[in-house]
Amino acid sequence: MTAHPALDLADTIASQLADPDTALPSPREHRQHLAYGPPGIALLHIERAANGLGSWQRAHSWLAAASRQSFTSGPASHPFYGVPAFAHALACAADHLPGSYQRALDTMDRQVKADVRRRLDTAHRRIDTGRLPKLAEFDTIRGLTGYGAYLLRRDPGSPTMRAVLDYCVLLTEPITHHDETLPGWWTETGPSGSPDDDRFPGGHANSGMAHGIGGVLALLALAARNGTVTDGHHTALRTILAWLDRWQQETGRGPAWPYWVTRGELRTGRLTPSAPRRPSWCYGTAGLARAQQLAALALGDTGRQIDAENALVAALTDPDQLKATTDNGLCHGFAGLAHVAARTADDAHPSTVGRLRAAIPALLTAVHPPDADPELTATTLIQDAKRGPGLLDGAAGTALALLAFSTAVPPRTFWDACLLIA
């Protein structure tokens with residue numbers, strides 16, 4: 001028996017996902033997907049091996065399972081699918097196995113940069129003609145922000161990385177559309193990326209980490225902290241922060257930020273009242289608080305940093321917001337909240353770090369109560385027909401969050417760099 005219930009469950013999930021040939025198979029279309037398929041499950045075994053808790057052979061088996069057929073590149077790929085998704089997992093392993101996977105990574109890096117350049121060319125043509133962007137042009141999951149997350153880890157000083165940051169700066173400049181001034185990241189669709197004239201007439205400005213300007217804020221902040229800065233970089237950070245300040249709401253327990261702003265809300269300057277929403281990584285206060293903390297650290301703004309950290313504490317201890325959280329995954333569940341809290345605490349001001357860390361055990365208890373059977377919990381998570389064994393919504397991501405907490409050290413492999421929280 002291991003020392004901590006959280007580590008028991010992480011161990012059990014990893015054991016049940018030990019062999020890609022016998023573990024619950026994911027659909028064929030998920031084979032190349034970081035969120036749902038073998039590349040994301042490989043990250044669990046890579047992180048465990050880097051911590052001395054598992055074998056590198058298990059990690060290699062999952063990487064091999066993902067690479068049994070050629071990977072998609074070009075327009076059909078994106079940061080969570082195809083070459084970039086597999087490259088992220090491979091890079092996490094290569095960091096701890098000097099010389100391993102290097103030829104494959106070099107080839108993939110060249111392909112990723114070529115794809116990024118093509119995407120940037122398309123984006124600049126769109127900007128030059130005054131059209132609004134699509135979410136998939138710039139977001140973390142499918143767009144240039146997600147590519148930037150990969151390049152920041154692999155080649156932060158490259159011209160391609162600089163070009164992505166230049167694009168992010170341009171994205172924060174206002175755009176005139178139908179005689180109305182909009183933020184440069186305004187999109188004509190709904191949050192799904194498809195037209196939705198019933199709910200989102202005139203489109204929306206997405207705030208989220210997964211699909212909105214929150215991810216851009218985090219990338220710019222992480223790059224600045226890394227020493228990779230472009231012209232207008234700090235101005236762009238302040239522009240996004242000013243937008244979030246404008247739309248900040250008071251919940252009675254602390255500030256929160258909307259998932260999005262509609263055209264009607266923009267025109268009236270008032271948000272439509274809504275029930276409390278979950279404070280997840282992908283949307284809402286948890287991810288945005290971390291992004292704002294990172295931006296404050298990049299700008300040297302201690303007051304804003306403390307405000308962001310207090311906002312996260314408030315969200316993580318608000319019964320109404322936690323009641324709206326209904327699953328365990330990284331994307332929008334309790335494991336994700338715990339992991340964002342842990343990453344935020346790693347950088348927190350002395351006045352808030354204790355309260356951030358104190359909020360984490362209750363979140364993990366929601367995932368796995370101390371008296372629960374880890375075998376049963378692991379089986380239930382892995383076989384969940386909706387969420388499955390993968391990284392973003394499923395068991396592998398939950399296990400990674402539990403592992404980071406129970407080992408009491410930050411992740412060793414930066415597996416979560418794809419989430420732009422580190």
Side-chain angles (χ1 to χ4, degrees), residues 33-36 78-81 119 123 126 131-147 149 168 171-172 175 177-178 180 182-219 240 243-244 246-249 256-292 315 321 324-327 329-333 336-337 340 386-387 392-393 418-421:
H33 214 295
L34 185 63
Y36 312 119
H78 58 68
F80 273 67
Y81 183 81
R119 282 174 172 255
R126 188 271 304 166
R131 291 177 289 121
L132 297 174
K134 296 180 179 179
L135 292 175
E137 177 185 292
F138 68 86
D139 73 10
T140 300
I141 300 293
R142 300 163 297 177
L144 284 162
T145 300
Y147 280 101
C168 289
L171 193 70
T172 67
I175 189 169
H177 188 255
H178 294 165
E180 198 165 4
L182 304 170
W185 60 92
W186 194 278
T187 179
E188 291 185 281
T189 69
S192 69
S194 299
D196 190 345
D197 290 336
D198 291 332
R199 295 179 60 219
F200 296 92
H204 78 296
N206 198 294
S207 305
M209 287 285 282
H211 298 299
I213 200 61
V216 179
L217 178 66
L219 176 63
I240 301 170
W243 173 266
L244 293 173
R246 177 183 175 184
W247 296 102
Q248 179 177 300
Q249 299 170 282
W257 293 274
Y259 287 8
W260 46 68
V261 175
T262 68
R263 186 69 72 98
E265 290 168 335
L266 182 69
R267 288 167 177 162
T268 64
R270 295 191 303 273
L271 292 169
T272 303
S274 66
R277 287 173 162 163
R278 62 192 180 202
S280 55
W281 165 76
C282 55
Y283 280 105
T285 300
L288 285 172
R290 173 58 168 165
Q292 290 178 81
Q321 292 186 64
T325 304
T326 57
D327 70 82
L330 281 177
C331 186
H332 42 252
L337 294 180
V340 171
K386 183 177 179 181
R387 299 180 177 92
L392 204 55
D393 293 324
C418 61
L419 305 178
L420 283 168
I421 58 173

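The structure presented is a predicted model; accordingly, all values stated were derived computationally and were not measured.
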Enquirer: For residues Leu132 and Thr187, determine if any side-chain heavy atom of one lies less than 4.5 Å from a side-chain heavy atom of the other.
Expert: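 Heavy-atom side-chain distance check fails, nothing below 4.5 Å.
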
Enquirer: Any side-chain heavy atom of Tyr81 within less than 4.5 Å of one from Ile141?
Expert: no

Enquirer: Looking at side-chain heavy atoms only, is the closest gap between Arg142 and Phe80 below 4.5 Å?
Expert: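 No. Closest side-chain heavy atoms not under 4.5 Å.
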
Enquirer: For the pair Trp247 (side chain) and Pro258 (backbone), establish whether a donor and an acceptor sit closer than 3.5 Å, ignoring hydrogens and angles.
Expert: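 Not confirmed, Trp247 side chain does not pair with Pro258 backbone.
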
Enquirer: Using side-chain heavy atoms (C-beta onward) and a distance below 4.5 Å, is Pro191 in contact with Tyr283?
Expert: yes

Enquirer: Could you pull out all residues at least two apart from Arg387 that satisfy side chain to side chain contact (heavy atoms under 4.5 Å, CB included)?
Expert: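 Result, side chain to side chain contact (heavy atoms under 4.5 Å, CB included) vs Arg387: Asp327, Asp384, Asp393.
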
Enquirer: Would you indicate whether the side-chain heavy atoms of Pro133 and Phe138 approach each other to under 4.5 Å?
Expert: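 With C-beta onward as the side chain, the pair touches.
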
Enquirer: Quick one: pull up CD in Glu137 and CZ in Arg131 and give me the separation to the nearest 0.5 Å.
Expert: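 These two atoms lie 8.5 Å from each other.
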
Enquirer: Once you round to the nearest 0.5 Å, how far does CG of Leu271 lie from CD of Gln248?
Expert: 11.0 Å

Enquirer: Enumerate the side chain to side chain donor-acceptor pair (under 3.5 Å) contacts for residues 267-280, please, sequence neighbours excluded, ordered by first and then second residue.
Expert: Glu180-Arg267, Glu265-Thr272

Enquirer: Identify which one of Asp139, Leu171, Leu144 satisfies the side chain to side chain contact (heavy atoms under 4.5 Å, CB included) criterion when paired with Val216.
Expert: Leu171

Enquirer: So, taking the atom named OG1 in Thr189 and the one named CG in Leu135, what distance separates them when rounded to the nearest 0.5 Å?
Expert: 4.5 Å

Enquirer: Show your reasoning for whether side chain to side chain contact (heavy atoms under 4.5 Å, CB included) applies to Leu392 and Leu34.
Expert: CA-CA 8 Å; Leu392 204 55; Leu34 185 63; over 6 Å; no

Enquirer: Counting C-beta onward and ignoring hydrogens, is there a side-chain heavy-atom pair between Arg290 and Met209 closer than 4.5 Å?
Expert: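 Not in contact.
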
Enquirer: Measure the shortest side-chain to side-chain distance between Leu217 and Leu219 over non-hydrogen atoms and say whether it is less than 4.5 angstrom.
Expert: no

Enquirer: Quick check against the 3.5 Å criterion: does Trp186 have a side-chain atom that pairs as donor or acceptor with the backbone of Gly202?
Expert: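 Here the side-chain-to-backbone pair exists.
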
Enquirer: Mind checking side chain to side chain donor-acceptor pair (under 3.5 Å) for His78 and listing every partner two or more places apart, or none if nothing turns up?
Expert: none

Enquirer: Look at the aromatic rings of Phe200 and Trp260 and report parallel, tilted or perpendicular, splitting at 30° and 60°.
Expert: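 Because their plane-to-plane angle is over 60°, the rings of Phe200 and Trp260 count as perpendicular.
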
Enquirer: Counting distance only, does the side-chain N/O of Gln292 pair as donor-acceptor with the main-chain N or O of Leu288 below 3.5 Å?
Expert: yes

Enquirer: If you define the side chain from C-beta out and look only at heavy atoms, does anything of Trp281 sit under 4.5 Å from Leu330?
Expert: no

